[in-house]
*Asks:* 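My questions all concern the structure below.
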2 protein chains.
Amino acid sequence: MEDYIKTIKSLSEKTRIRILALLHQARDACVSEIVDALQESQYNVSRHLKVLQNAGLVVGSKKGRWIYYQLNENQAHFKKMLLNAVKEISSEILKEDMERLQNRLAKRVNSQCIRGKTDYYNESYQ
Amino acid sequence: MEDYIKTIKSLSEKTRIRILALLHQARDACVSEIVDALQESQYNVSRHLKVLQNAGLVVGSKKGRWIYYQLNENQAHFKKMLLNAVKEISSEILKEDMERLQNRLAKRVNSQCIRGKTDYYNESYQ
DNA sequence: TTCACATATGCGTTATTATGCATATATTTT
DNA sequence: AAAATATATGCATAATAACGCATATGTGAA
């Protein structure tokens, strides 16, 4: 019972829904890419990812200095059903997030995350 | 977006999951019946029902002094999917709750909730 | 080996949610 | 009308969760 609740709780926060929406469409993303997409602080994104990971909804695989997160493919029926429900959520902010993520992913080199801040929306572009 | 989160949040609490499990199997139940089934305080059950109602997951219909709660049958796809996922939860406590509810429902007269405390588990039966 | 960057986390603060108790409101029975 | 019962809710407190900041750890680059 406690694990069911834990899983649902992990889904009951906006930032985490935003992260899942990204991972659902993007296959994988590393923390800095998610930070750029959500325009949230690094430590918050990192912490929310941890909550999702503890709930077994996402997994991270470390490659060099980056950790690529993606949806956990093999999980219990219950969690799959929840993720399918969450998939249904549509919202303006999710579209904007995804657009920013696509911009950021487009800058990958050899399918690898690139170094440094690349936010196209920050002060260096104004 | 906020409404999606609100709905998920309403599902992220144990008492509310227990209530939904009851309503899923029992078609309807009034507050005092749920109180007996869960062995929880009346005010807590009442408040948790309100959260579920605000999330649009349950509806209550008043008949005389009782309010019969049931799952909201006509709701958005997203909420249906969530409820279907929650339906999958199986746990010892849910079975016990259901057993107590059945005992209590069996005491209905003309399909109507009866008056007074009938907890078969309380001190008057020991 | 020093530096820059990627990610995680401890600590204190704030915000949100749940709970206990008392009590209010509504309805039915006597 | 008075008493009993069903349900809801205001208020204070306790328990959780989120956040901001600083900083630690790990890794690759210079």
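Everything numeric in this text was worked out from a predicted model, so none of it was measured. When reading the values below, keep in mind they use all heavy atoms of this one structure, side chains included, and skip hydrogens, waters and symmetry mates. Below, read A as the first sequence line, B as the second, and so on, with proteins coming before strands; counting in each chain starts at 1.
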*Asks:* Expected output is a numbered-order residue list: members of residues 45-60 of chain B with a heavy atom under 4.0 Å from any atom of DNA chain D. What is it?
*Replies:*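 B/Ser46, B/Arg47, B/Lys50, in order of number.
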*Asks:* Side chains of A/Lys80 and A/Leu83: closer than 4.5 Å at any heavy-atom pair?
*Replies:*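 A side-chain contact under 4.5 Å is absent here.
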*Asks:* Assign a letter to each nucleotide of nucleotides 22-30 of chain C from its 5' end: B, base within under 4.0 Å of a protein heavy atom; S, sugar-phosphate only; -, no contact.
*Replies:* B---SSSS-
*Asks:* With side chains defined as the heavy atoms from C-beta onward, is the minimum distance between B/Ile93 and B/Lys14 less than 4.5 Å?
*Replies:*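 Result yes, sub-4.5 Å side-chain heavy-atom pair found.
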*Asks:* By the 4.0 Å heavy-atom rule, please label A/Tyr69 as base, sugar-phosphate, or nothing.
*Replies:*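 Sugar-phosphate, no base atom in range.
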*Asks:* Using a cut-off of strictly less than 4.0 Å between a heavy atom of the residue and any atom of DNA chain D, enumerate the qualifying residues of residues 2-20 of chain A by number.
*Replies:*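 Result for residues 2-20 of chain A: A/Lys9, A/Glu13, A/Arg16, sorted by number.
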*Asks:* Output yes when a side-chain donor or acceptor of A/Glu33 lies under 3.5 Å from a complementary backbone atom of A/Cys30, and no otherwise.
*Replies:*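 Present.
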*Asks:* Do the non-hydrogen side-chain atoms of A/Ile89 and B/Met1 ever get within less than 4.5 Å of each other?
*Replies:*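 SC-SC contact between A/Ile89 and B/Met1 confirmed.
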*Asks:* Counting C-beta onward and ignoring hydrogens, is there a side-chain heavy-atom pair between B/Leu20 and B/Val58 closer than 4.5 Å?
*Replies:*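 They are in contact (side-chain heavy atoms under 4.5 Å apart), so the answer is yes.
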*Asks:* Rounded at 0.5 Å granularity, tell me how far CG in A/Leu94 sits from CE in A/Met98.
*Replies:*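 Taking CG in A/Leu94 and CE in A/Met98, the distance rounds to 10.5 Å.
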*Asks:* Using 0.5 Å steps for rounding, measure from the OG atom of B/Ser32 to the CZ atom of B/Arg115.
*Replies:*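 Here the interatomic distance stands at 11.5 Å.
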*Asks:* Expressed in angstrom and rounded to an integer, what is the separation of A/Ile114 atom CD1 from C/dC5 atom P?
*Replies:*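 Answer to the nearest Å: 12 Å.
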*Asks:* Would you please confirm or rule out a distance under 4.0 Å between OP1 or OP2 of D/dA18 and any side-chain N or O of A/Asn44?
*Replies:*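 No, no such contact exists.
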*Asks:* About how many Å separate OG of B/Ser46 and CD1 of B/Ile67, when rounded to the nearest 0.5 Å?
*Replies:*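 Going from CD1 on B/Ile67 over to OG on B/Ser46, the span is 7.5 Å.
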*Asks:* Quick one: B/Asp28 CG to D/dT7 P, roughly how many Å, whole number?
*Replies:*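 The distance from CG of B/Asp28 to P of D/dT7 comes to 12 Å, rounded to the nearest Å.
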*Asks:* Quick one: pull up CD1 in B/Ile19 and CD in B/Glu40 and give me the separation to the nearest 0.5 Å.
*Replies:*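 The CD atom of B/Glu40 is 8.5 Å from CD1 of B/Ile19, to the nearest 0.5 Å.
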*Asks:* Do the charged groups of B/Glu73 and B/Arg27 touch, with an N to O distance under 4.0 Å?
*Replies:*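 A salt bridge links B/Glu73 with B/Arg27.
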*Asks:* Could you tell me whether A/Cys30 contacts a base, only the sugar-phosphate backbone, or nothing, with contacts defined as non-hydrogen atoms closer than 4.0 Å?
*Replies:*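 The residue A/Cys30 makes sugar-phosphate contact but no base contact.
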*Asks:* Does A/Met81 reach the side chain of B/Lys87, with side-chain heavy atoms less than 4.5 Å apart?
*Replies:*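 No - every pair of side-chain heavy atoms lies 4.5 Å or more apart.
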*Asks:* Phosphate oxygens OP1/OP2 of C/dC21: is one of them under 4.0 Å from a side-chain N or O of B/Ser41?
*Replies:*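 False: B/Ser41 side-chain N/O out of range (4.0 Å or more) of C/dC21 OP1/OP2.
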